[in-house]
Q: 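The structure that follows is given in the form of structure tokens.
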Amino acid sequence: MDPHGFDEHPDPNVVLRGGPLDGIRVRVHTQAPITLDAGDQICVYRPLGEMDSEYPSFSVYVFDRTEDR
């Protein structure tokens, strides 16, 4: 578990870049924005349409915004 209390998916296909969940790996099923719980905030990440340089087989989702609970 990371410092944010977020569990990474055991079979990820996306890496998050930017924002409070930077570097977390998750699993998505469609190329659409995702909303994730990050403690006191809700984080929205959107697909970039590129593959990651650190994890070449993973798509990149970039930080879009946070929303208060």
Side-chain angles (χ1 to χ4, degrees):
M1 197 180 293
D2 80 316
H4 304 287
F6 190 89
D7 287 322
E8 290 190 350
H9 193 280
D11 187 24
N13 62 354
V14 164
V15 63
L16 307 178
R17 294 298 181 201
L21 299 176
D22 182 62
I24 299 295
R25 295 169 292 164
V26 298
R27 180 110 185 140
V28 299
H29 299 287
T30 62
Q31 290 289 314
I34 58 173
T35 303
L36 300 166
D37 184 348
D40 294 341
Q41 299 175 326
I42 303 294
C43 295
V44 179
Y45 285 81
R46 60 181 171 75
L48 183 60
E50 297 178 6
M51 302 308 275
D52 190 66
S53 58
E54 183 179 1
Y55 301 99
S57 62
F58 289 18
S59 296
V60 175
Y61 272 50
V62 293
F63 178 71
D64 189 53
R65 67 184 183 280
T66 58
E67 300 173 353
D68 292 327
R69 291 187 160 275

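Numbers here simply count residues along the sequence, with the first being 1.
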Q: Kindly compute the distance separating OG1 (Thr35) from CG (Asp37), expressed to the nearest 0.5 Å.
A: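 Atom-to-atom, Thr35:OG1 and Asp37:CG are 10.5 Å apart.
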Q: State the CD1-NE2 distance between Ile34 and His29, to the nearest 0.5 angstrom.
A: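 Between atom CD1 of Ile34 and atom NE2 of His29 there are 11.0 Å.
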Q: Looking at side-chain heavy atoms only, is the closest gap between Val28 and Tyr61 below 4.5 Å?
A: yes
Q: Taking atom CZ of Arg65 and atom CD of Gln41, what is their separation to the nearest 0.5 Å?
A: 12.5 Å
Q: Is there a path of hydrophobic side-chain contacts, each under 4.5 Å between heavy atoms, that joins Phe63 and Val14?
A: yes
Q: To the nearest 0.5 angstrom, please state how far the CG atom of Leu16 sits from the CG atom of Leu48.
A: 12.0 Å
Q: Taking the side chain as every heavy atom from C-beta outward, state whether Ser59 and Met51 have any atom pair closer than 4.5 Å.
A: yes
Q: Just wondering, do Val26 and Leu21 contact through their side chains at under 4.5 Å, heavy atoms?
A: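 Leu21 does not reach Val26 side chain to side chain.
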Q: With side chains defined as the heavy atoms from C-beta onward, is the minimum distance between Ile24 and Leu36 less than 4.5 Å?
A: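 No, every pair of side-chain atoms sits at 4.5 Å or beyond.
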Q: Can a donor-acceptor pair be found, under 3.5 Å and without considering hydrogens, that links the side chain of Tyr45 to the backbone of Val15?
A: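 Absent.
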Q: Does this structure show an ion pair linking Glu54 with Arg17, if we count only N-O contacts that are shorter than 4.0 Å?
A: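 A salt bridge is present here (some side-chain N lies under 4.0 Å from a carboxylate O).
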Q: To the nearest 0.5 Å, tell me how far Arg25 CZ sits from Asn13 CG.
A: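 Taking CZ in Arg25 and CG in Asn13, the distance rounds to 11.5 Å.
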Q: Which heavy-atom pair separates Cys43 from Ala38 by the least distance, and what is that distance?
A: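 Closest approach of Cys43 to Ala38, heavy atoms only: SG-CB, 3.6 Å.
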Q: Between Asp11 and His9, is any pair of side-chain heavy atoms under 4.5 Å apart?
A: yes
